[in-house]
Amino acid sequence: MSSKLSQTPKVKRPHLVFFQRKMLSIPYVLFLLLFVIGPILIILLYAFTDENMMFSFDAFVNFFTTPSKLNVLWVSLFVALQTTIICLLIGYPLAYFLADKKVNKNVVLVTLFIAPMWINFVLRTWATRDLLGWIGIDGGSFPYLATLIGMVQNYLPFVILPLYTTFLKLDKSQIEAAADLGANPRQVFTKSILPQSVPGIVSATLMTFMPTMSSYVISDIFSEGKITLFGNFINLEFNNKLWNDGSLMAMIMLVLIGVSMFLTRDKNKETTKGANL
Amino acid sequence: MKKRFSLRKIIGQSYIWLILLLMYLPILFLVVYSFSDSELIGGRFNFSFELYVDLFKNKAIMVALGNTILIAIISAAVATFLGTLGAIGVFYSKPKFKRAINFATQIPIVNAEIVIAFSLTVMFVFLGTYVFRDDIFGFWTLLIGHVSLSLPFVYISVRPKLQQMDPSLYEAAIDLGATPRQALMKVTIPEIAPGVFSGFLLAVTLSLDDFIITSFTRGAGLLNGESEIETLSTFIQAAIKKKSIPEEMRALTTLIFIGVIIAVVAVTFYNARHANVKKIRKGRD
């Protein structure tokens, strides 16, 4: 018995040498390198080469000297900005009411606002387009309005969730103190509630702005192809197999996302965790 | 004072329900018209279950549905396996390495889906032209696309469970004579199981919902055999383009809608009860 006990550690040793827990990350790291980092390097390569894989600025010059392409960039920024603002205007009071215990104690109600995200995205888009068409706002006559409604309807849950999590963490005593010390409701809002909810607004904006710019399905379906956003253009380059021009546009999108993440890195940290669920 | 609060409650509640109604109106509209065999939505309403019968006879829809479910389960299983092992491995690595991998994991999460889809496609074209010298688009490229979409989400749902875990448990298992593999399977995995499970569910829903990556990275295969793989998303999108969506789709939407609502409400109640039980337990301690 005693000999058996003293033997076990000897048997275990080789295992400890050959198997370490950190080795488990090897397949994950390989996947990231091959299919996350790899494709980014490839589009960098394609963005600055021509069809014969020779170094060139053709795609770069082509993009920045073609007015129609630059125009798409501005239109996308404008549509994204409008969608974000409308979503915030609708979603901000909504999230506030949902988080306010005096108004709503029902958690299921909150989940119902997120639930549409689990219904197939193209199905939802189709349903909304049909309804809008029925009341007369179809892509043929009002392409811009239809697209905007479609965007807002799709991205509203992404605004509600981060704002809701921020409002749940609101410092109630500070608000009450402000009111007790003589601030009127408007001052309470601008001096206490609004500053406290800035992180929620920032991450709501991030989750709406860039996806709107780069989404192509919504604008394609709602405007019946009349409105071209940045995403539509990348899709078009894909359909025409113009890999170099498409890579450059994907790279520009990537840079925009990177810059926006960098600018908001501090304010965004707390809320995205909750919002990812 | 009391009256002001009740006014606030009335305004708040009516605002909440108004927006909720607006958000669900399109789907509800489809649901109502799924019980009518009229060709157009908003047309004359003749009550029938015909669409539900036709739905299961429509081969194209059934193939698309089958593909959607297959790719969702396979890609979620692969992502869960890779992501869970990855999270465990990285958690026990050196801080510098850990930070680098955590950063790389964030890239697909913040990246636009179209950029992920396009860059993967360009890489597959590159590999097809210079390495395989053949068109490589098919089931495998689609699988890689879906896994790269959901993998980081599995990773970030497992990671917090590892942080919450008591590190001495693993050490205790080793000291009591378990091999590292046994300790991993019998101690670590059960401890982080809730995170693994929610990661899997997240991966399934991301894959079910996906359109852009599917339409970029797909090729021939799965239930479509020799022709291009159709999932529900690509099937409906193509139908919208042709302006001929099969009416049976309304029945399918209704079934999906009911399933989602039941699942969501059930999960919410389960979580609420779970939280209550935890609170009670904490109170006892």
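Each chain gets a letter, A, B and so on, in the order its sequence line appears, and its residues count up from 1. Source: prediction; values computed, not measured.
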Audit row: B/Ile261, A/Leu112, side chain to side chain contact (heavy atoms under 4.5 Å, CB included) steps and yes/no: CA-CA 8 Å; B/Ile261 294 296; A/Leu112 279 181; 4.0 Å; yes
If I measure from the heavy atoms of chain B, does [X] come under 4.5 Å with its side chain, its backbone, both, or neither?
X	result
A/Pro211	neither
A/Phe31	side chain
A/Leu132	neither
A/Leu32	side chain
A/Ile119	both
A/Asn239	neither
A/Tyr96	side chain
A/Ile257	side chain
A/Ile221	side chain

Please tell me if the side chains of [X] and [Y] come closer than 4.5 Å, counting only heavy atoms from C-beta onward.
X	Y	value
B/Ser233	A/Asn120	yes
A/Val108	B/Phe269	yes
A/Phe35	B/Leu151	no
B/Lys241	A/Asp220	yes
B/Ile245	A/Trp126	yes
A/Thr125	B/Ile236	no
A/Arg21	B/Tyr170	yes

Can you tell me which of [options] forms the most heavy-atom pairs within a distance under 4.5 Å of chain A?
options	answer
B/Val265, B/Leu208, B/Ile144	B/Ile144
B/Leu184, B/Val267, B/Val90, B/Val125	B/Val125
B/Thr205, B/Ile116, B/Leu20	B/Leu20
B/Ile88, B/Asn111, B/Leu206	B/Asn111
B/Val147, B/Ile256, B/Leu232, B/Thr234	B/Val147

State the [atom1]-[atom2] distance between [X] and [Y], to the nearest 0.5 angstrom.
X	Y	atom1	atom2	result
B/Ser14	A/Phe97	OG	CZ	8.0 Å
B/Met23	A/Arg124	CE	CZ	8.5 Å
B/Ile27	A/Leu123	CD1	CG	7.0 Å
A/Leu44	B/Ser119	CG	OG	10.0 Å
A/Ile234	B/Thr121	CD1	OG1	11.0 Å
B/Tyr24	A/Gln153	OH	CD	10.5 Å

Which heavy atom of [X] sits nearest a heavy atom of [Y], and at what distance?
X	Y	answer
B/Ile16	A/Phe113	O-CZ, 3.5 Å
B/Met123	A/Ile42	CG-CG1, 3.8 Å
A/Gly231	B/Ile114	O-CD1, 3.2 Å
A/Val36	B/Ala104	CG1-O, 4.2 Å
B/Phe97	A/Ser25	CE2-OG, 4.0 Å
A/Ala127	B/Leu30	CB-CD1, 3.4 Å

Donor-acceptor pairs under 3.5 angstrom involving side-chain atoms of residues 209-217 of chain B: please list them, not counting sequence neighbours.
unit_1: B/Asp209; atom_1: OD1; unit_2: A/Phe121; atom_2: N; d: 2.7
unit_1: B/Asp210; atom_1: OD2; unit_2: B/Ile213; atom_2: N; d: 3.4
unit_1: B/Asp210; atom_1: OD2; unit_2: B/Thr214; atom_2: N; d: 2.8
unit_1: B/Asp210; atom_1: OD2; unit_2: B/Thr214; atom_2: OG1; d: 2.6
unit_1: B/Thr214; atom_1: OG1; unit_2: B/His146; atom_2: NE2; d: 3.0
unit_1: B/Ser215; atom_1: OG; unit_2: A/Tyr216; atom_2: OH; d: 3.4
unit_1: B/Ser215; atom_1: OG; unit_2: B/Ile212; atom_2: O; d: 3.1
unit_1: B/Thr217; atom_1: OG1; unit_2: B/Ile213; atom_2: O; d: 2.8

Please classify the contact of B/Val260 with chain A as side chain, backbone, both or neither, using a heavy-atom distance under 4.5 Å. side chain
Flag yes if more than 12 heavy atoms outside B/Phe81 fall under 6.0 Å of its CZ atom; otherwise flag no. no
Count the heavy atoms belonging to other residues, nucleotides or ligands that lie under 6.0 Å from OH of B/Tyr130, then report whether that count exceeds 12. yes
Can any side-chain N or O of B/Tyr15 pair as donor or acceptor with the backbone N or O of A/Ile90 at less than 3.5 Å? yes
Options A/Leu98, A/Leu41, A/Leu30, A/Val110, ranked by heavy-atom pairs under 4.5 Å with chain B, top entry: A/Leu98
Using a cut-off of under 4.5 Å on heavy-atom pairs, state which of A/Pro157, A/Gly246, A/Pro27 scores highest against chain B. A/Gly246
